[in-house]
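Structure first, commentary second.
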Amino acid sequence: MLSAFLKKKKKDLFLYAMRLHDDQLEDISARFQAEMKKGLSAESNAAAAVKMLPTHVRSTPDGSERGQFLALDLGGSKFKVLQVKVREGMGIRKGGVEMEEKIYPIPKELLIGRGTELFDHVSESLKDFLQEKNINLEKTHPLAFTFSFPCEQPTLNQGLLLSWSKNFRLRGLQGKDVVQSLKGAIERTGGMNVDVLSMVNDTVATMMTCGFDDQRCEVGLIIGTGTNACYMEALRHVDLVEGDEGQMCVNTEWGGFGDDGALNEYITEFDRDVDAASNNPGKQIFEKMVSGMYLGELVRLVVLKMAKVGLLFDGFVSDALRTKGKITTANVAAMEEYKTGLKNTRDILTGLGLTPSQDDCIAVQHVSTIVSFRSSNLVAACLSAILTRIKKNRSLRTLTITVGVDGTVYKTHPQYPKRLHKVVRRLLPESHVRFVLSDSGSSKGAALVAAVAQRLASRRKQVDETLFPFQMSQEQLHLVKSRMRADLEAGLKNKNPSTIKMLPSFVYHTPDGTERGKYLALDLGGTNFRALLVNFKKGLHQNTRLYHKIYTVPMEIMQGTGEELFDHLAQCVSDFLDYMGMKNAHLPAGFTFSFPCEQTAIDTGTLLTWTKGFKATDCEGHDVVNMLREAIKRRNEFDLDIAAVVNDTVGTMMSCAYEDPECEVGLIAGTGTNVCYMEDVRNIEKRDADAQRMCINTEWGGLGDDGSLNDIITPYDAEVDQNSLHPGKQRFEKLTSGMYLGEIVRQVLLDLTRGGLLFRGHVTEALKTPGIFETKYLSQIESDRLALLQVRSILQQLGLDSNCDDSIIVKEVCGAVSRRAAQLVGAGIAAVVDKIRENRGLEHLNITVGVDGALYKLHPHFSRVLHDTAKVLAPLCNVSFLPSEEGSGKGAALITAVMETKN
Ligand code: 0WK
Ligand code: 0WK
Ligand code: BGC
Ligand code: BGC
């Protein structure tokens, strides 16, 4: 007989391979970190053993979840049907959750039958639950589905089953959407209305359940029949999901760790035997070393081998000991009970038809300890890998986090939790890891996910409803085109006033390249004033020399007296002439004045009405050229010969026509919006001239001032118009130009925030401040290159504290408002070029539109949407758009040059 000591030695040897030392655990942790990376990255995910499945759960509970939900909890040791009331309903403790549940056993044969049969059983159980709990069968009940198997989820309520695991091995569902299968079964059962809002893995549901009471809970861990973990990963690392802002919960499916051989040196012969005898050999290697479905079997195989080699029961082996599953994980737990462990071991072995000696019992108890110790050690190693990754993601020195746990092994095995906690803390000494047991199963968490899904879905719906009026249908755009056309026609007629004034510009030709000489150009645009010196030299165009200086026009000047405004302009001109050293040059000047002026000649222009941000007094009805001349005279230090005053659209057309002779339309999409084009004189009733064509400044900004656009004007537009300097005027401009788009966005954001859909419903002072949302922010926010992070920092600058969902919605609102603006301008252009085509009786027209304005030039999408819309609405015109390089000032100089050569 072997000496007891030797025997003991040999026994220990047996289990030597199962004793894992910290350096081995650190090695396993490192390997698992590598596996996680592989699973997260798009190019290596397909071959990764650890699948790292995105769950579309983007946040842990934030206290706003509420609602009543049905819940199904399928895949663990017990299939449960539940009703979960979150913070709602009678007698609920403030902020509490009330649950009613019923466990429905699943007949064994169903676990290896057809998938549809299992879901029929699930659905019938659901119906039984509704009837038993007298839950109204008519009402549609939102349902949260916990399904504890690896599923690829394109969205929160879709789950393509990748493979079965544990003791489930059904046919016909792999690769299928299990939510559809559930819906199909519920339909087949009939008599109940259920809306499956979300499907989550049990780890995710467990994390959410524990996150309900502990905001720090960002990891979900199951050590039950199977084992698995999930955690909140930075979205930028989840390649399979678009977006890089915020977080998303990833279901690691760590049960598959080792399926690619990564754990081979830790696999013992017993593990191989368990795997070989399992219903999914080669799969879930890590799970088979750790989880409740296999621990008992591992112990049995070890004890069996030790008995066979005579180290136990004097070599006697009973049939029961040879029989698979005869030692359960519950037995293992019982054997490790503090006080009763040894007795339990004797009873269990006796139950297996063995007559164990005291040593045998101690040895077998020891085997159980080693096997379950290894399990908790392996879980600790992989858990510390996850926690280390989270720490790195957030570049934290120390991590304080909570892990939500569930599962029979963790819940019922006496030593397991303590051992696990101890090893995790030993592997991560500087972190503070709290473990919270999920006291009521995972369905509370599943319901919380459904509540979030419900809130997101309702928010989505409300945002879509809010933004729907901004979506222009082709019909609506065609209507706008025909209304624009009608008012262009009406504006040319003498009879009745038209919303579109169609102002003659007295410019009859576009440049022909013969222009020569030095000219001054003054350019009062929407946002600033520019003074330019343009020198047209012999030879090619690019020989034009141009110097300019930009001057701001302060608000108080824009809205002061006319005298102050023109004195300001004269002072800027004086500064420019000093700057150019030409105080005494007495040059001919062209004056671009981007406001509606009635002209009776090229060098006079009576301001009809201010627009945009201007409201200077004593100007409307006055000749702006005289007012400038007066101001220059008042300065009495230089003299100017203002030879022409043109609208900025006309200046832009001329400027671009200098480059491209086909340019016969000038478009401004800036602070304001407007277009001019070469109209046939025969169509201009109010002005006869002996030229074939004349450029008409349409002032199309006024379209709709007679209510013709009321069917597309939204309440937000009406609000912006009411708060504007010139209510009721320039309605088309107020739907399309830079001065107003930011305000429209602000009104929509205000409304969404008041509706609790944004910024958590906090209407900040910032959001109530007119003009705070400058149009430049739209351009920045909508740029594709800009991650949501930067959107948030823009919102931050505006004093709007936002989360990632908020920034997504803000970006959408900006997009809806700017897209509509570009489409409407596109419809306007289509009306203009089609008129020109018909004026000239052409089947097909090639034409170029010269464009200027910050909105067109700086907005990331405006110009493309404008081009596409014009193309669709004027298919018989081939319209090219030519952004003006030097602004309309050059155009004014060109016109002046034309005038000079004529005189
Ligand atoms: C209870 C949870 C369930 C999960 C189970 C896992 O409610 O979602 O699947 O824990 O533990 P098991 O029942 O497999 O031991
Ligand atoms: C630059 C032109 C100017 C015009 C302006 C419009 O030179 O005449 O008024 O573009 O763009 P905004 O400055 O309004 O964006
Ligand atoms: C499944 C996981 C599940 C785990 C715990 C594993 O077999 O693949 O999806 O989370 O068991 O139930
Ligand atoms: C003015 C037009 C100008 C346009 C673009 C509008 O507000 O009425 O004259 O062309 O803005 O600057």
Side-chain angles (χ1 to χ4, degrees), residues 51 53 74-77 146-151 161-168 200-206 220-230 251-256 280 283-284 286-288 290-293 406-408 442 501 503 521-530 532 548 550 592-597 607-614 646-652 655 666-676 697-702 726 729-730 732-734 737-739 775-776 851-858 884-892:
K51 290 291 176 216
L53 302 169
L74 177 64
S77 54
T146 302
F147 184 69
S148 316
F149 299 93
C151 289
L161 176 64
L162 294 178
S163 61
W164 289 106
S165 66
K166 294 170 274 191
N167 48 355
F168 285 69
V200 291
N201 182 263
D202 54 352
T203 54
V204 181
T206 299
L221 172 64
I222 296 285
I223 310 164
T225 317
T227 184
N228 189 14
C230 72
N251 164 15
T252 67
E253 283 297 338
W254 72 9
N280 55 350
K283 291 275 179 248
Q284 301 291 90
F286 180 77
E287 177 161 83
K288 288 167 184 166
V290 161
S291 77
M293 176 138 183
D406 204 336
T408 317
S442 64
K501 300 189 177 39
L503 303 169
L522 310 176
D523 177 356
L524 181 60
T527 43
N528 44 42
F529 175 65
R530 280 177 350 135
L532 309 87
H548 74 219
I550 294 184
T592 302
F593 188 77
S594 52
F595 299 91
C597 289
L607 174 63
L608 294 174
T609 163
W610 280 121
T611 62
K612 290 175 277 191
F614 281 71
V646 295
N647 183 260
D648 54 351
T649 54
V650 180
T652 298
S655 188
L667 167 67
I668 295 289
T671 314
T673 183
N674 188 17
V675 77
C676 73
N697 163 18
T698 67
E699 289 295 339
W700 73 1
H726 312 283
K729 290 269 177 284
Q730 300 289 93
F732 182 73
E733 178 164 81
K734 284 172 184 163
S737 78
M739 172 115 195
T775 297
K776 72 177 182 204
V851 195
D852 207 334
L855 192 52
Y856 183 93
K857 285 184 168 175
L858 304 179
S884 126
E885 296 310 327
E886 289 92 8
S888 63
K890 181 173 157 189

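All figures in this text were calculated on a predicted structure; none of them were measured in a lab. Indexing begins at 1, ligand by ligand and atom by atom, following the structure's order.
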What is the nearest protein non-hydrogen atom to [atom], stated with its residue, atom name and distance?
atom: atom 9 (O) of ligand 4; answer: Glu699 OE2, 2.5 Å
atom: atom 4 (C) of ligand 4; answer: Asn674 CB, 3.6 Å
atom: atom 7 (O) of ligand 2; answer: Asp523 OD2, 2.5 Å
atom: atom 1 (C) of ligand 2; answer: Asp852 OD2, 3.3 Å
atom: atom 15 (O) of ligand 2; answer: Ala854 N, 2.9 Å
atom: atom 6 (C) of ligand 4; answer: Glu733 OE2, 2.9 Å
atom: atom 13 (O) of ligand 2; answer: Thr527 OG1, 3.2 Å
atom: atom 11 (O) of ligand 2; answer: Gly853 CA, 3.2 Å
atom: atom 8 (O) of ligand 2; answer: Ser888 OG, 2.6 Å
atom: atom 9 (O) of ligand 2; answer: Asp648 OD2, 2.7 Å
atom: atom 6 (C) of ligand 2; answer: Ile668 CG2, 3.7 Å

Geometric class of the Trp700/Phe732 ring pair [parallel <30°, tilted 30-60°, perpendicular >60°]: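 Taking Trp700 first and then Phe732, their aromatic rings stand perpendicular (interplane angle over 60°).
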
Parallel, tilted or perpendicular: ring planes of Phe168 versus Trp164, cut at 30 and 60 degrees: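 Parallel: the ring planes of Phe168 and Trp164 meet at under 30°.
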
Out of all atoms in ligand 3, which are within 4.0 Å of some heavy atom of [X]? Include the element for each.
X: Ser165; answer: 1 (C), 6 (C), 7 (O), 8 (O)
X: Asn201; answer: 2 (C), 3 (C), 9 (O), 10 (O)
X: Phe149; answer: 9 (O)
X: Ile222; answer: 5 (C), 12 (O)

Could you tell me whether the side chain of [Y] reaches within less than 4.5 Å of the side chain of [X], counting heavy atoms only?
X: Glu253; Y: Leu53; result: yes
X: Ser655; Y: Ser888; result: no
X: Trp254; Y: Val290; result: no
X: Glu699; Y: Pro596; result: yes
X: Cys597; Y: Leu503; result: no

Contact check, Gln730 vs ligand 4, heavy-atom distance below 4.0 Å: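 It does, in that a heavy atom of Gln730 comes within the 4.0 Å cut-off of ligand 4.
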
For ligand 2, is any non-hydrogen atom under 4.0 Å from Thr671's backbone (N, CA, C, O), its side chain (CB onward), both, or neither?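 Both backbone and side chain.
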
Taking 4.0 Å as the limit for heavy-atom contacts, which would you say applies to Pro150 with ligand 3: side chain only, backbone only, both, or neither?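 It is both parts that get close, each with some atom under 4.0 Å.
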
My understanding is that we take every heavy atom of each candidate and find the minimum distance to atom 11 (O) of ligand 3. Doing that for Gln284, Lys283, Lys166, which one comes out nearest?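 Answer by nearest heavy atom: Lys166.
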
With respect to atom 10 (O) of ligand 3, which of Thr227, Asp202, Asp406, Thr252 exhibits the smallest heavy-atom separation?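 Of the listed residues, Asp202 has the closest heavy atom.
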
Verify the neighbour count for atom NZ of Lys857: are there more than 12 heavy atoms of other residues, nucleotides or ligands below 6.0 Å?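 Count over threshold, so yes.
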
Atom indices of ligand 4, in the order listed, that fall short of 4.0 Å to a heavy atom of Thr611: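 Every atom of ligand 4 under 4.0 Å from some heavy atom of Thr611: 1 (C), 6 (C), 7 (O), 8 (O).
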
Could you tell me which atoms of ligand 4, counted from 1 in the order shown, lie closer than 4.0 angstrom to a heavy atom of Ser594?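 Selected atoms, number and element: 1 (C), 2 (C), 3 (C), 9 (O), 12 (O).
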
For ligand 3, is Gly75 a contact, meaning one of its heavy atoms is under 4.0 Å away?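 Checking ligand 3 against Gly75, which is what was asked, there is no heavy-atom contact under 4.0 Å.
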
Would you say ligand 4 has an N or O under 3.5 Å from any N or O of Ile668?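 Between Ile668 and ligand 4 (N or O atoms, distance only) the closest approach is not under 3.5 Å.
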
Need the ligand 2 atom indices (1-based, order shown) with element for anything under 4.0 Å from a heavy-atom of Arg530.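 In order of number, 7 (O).
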
Using a 4.0 Å heavy-atom cut-off, which part of Asn647 comes near ligand 4: side chain, backbone, both, or neither?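 Side chain only; the backbone of Asn647 stays clear of ligand 4.
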
Could you establish whether Lys857 and ligand 2 come within less than 4.0 Å of each other, counting only heavy atoms on the residue side?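 No; Lys857 lies far enough from ligand 2 that no heavy-atom distance drops under 4.0 Å.
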
Closest contact, heavy atoms only, Leu532 versus Lys890: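 Scanning both residues completely, I find the closest heavy atoms to be CD2-N, 4.3 Å.
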
For Asp202, the option from Asp406, Asn251, Ile222 that meets side-chain contact (heavy atoms from CB on, under 4.5 Å):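 One option only clears the test, and that one is Ile222.
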
Less than 3.5 Å apart, any donor N or O on the side chain of Asn674 or Asp648 sitting next to an acceptor on the other?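 There is no such pair between these side chains.
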
Should Ser163 and Lys283 be marked as a side chain to side chain contact (heavy atoms under 4.5 Å, CB included) after you check the CA-CA gap, both sets of side-chain angles, and the distance that decides it? CA-CA 10 Å; Ser163 61; Lys283 291 275 179 248; 5.6 Å; no

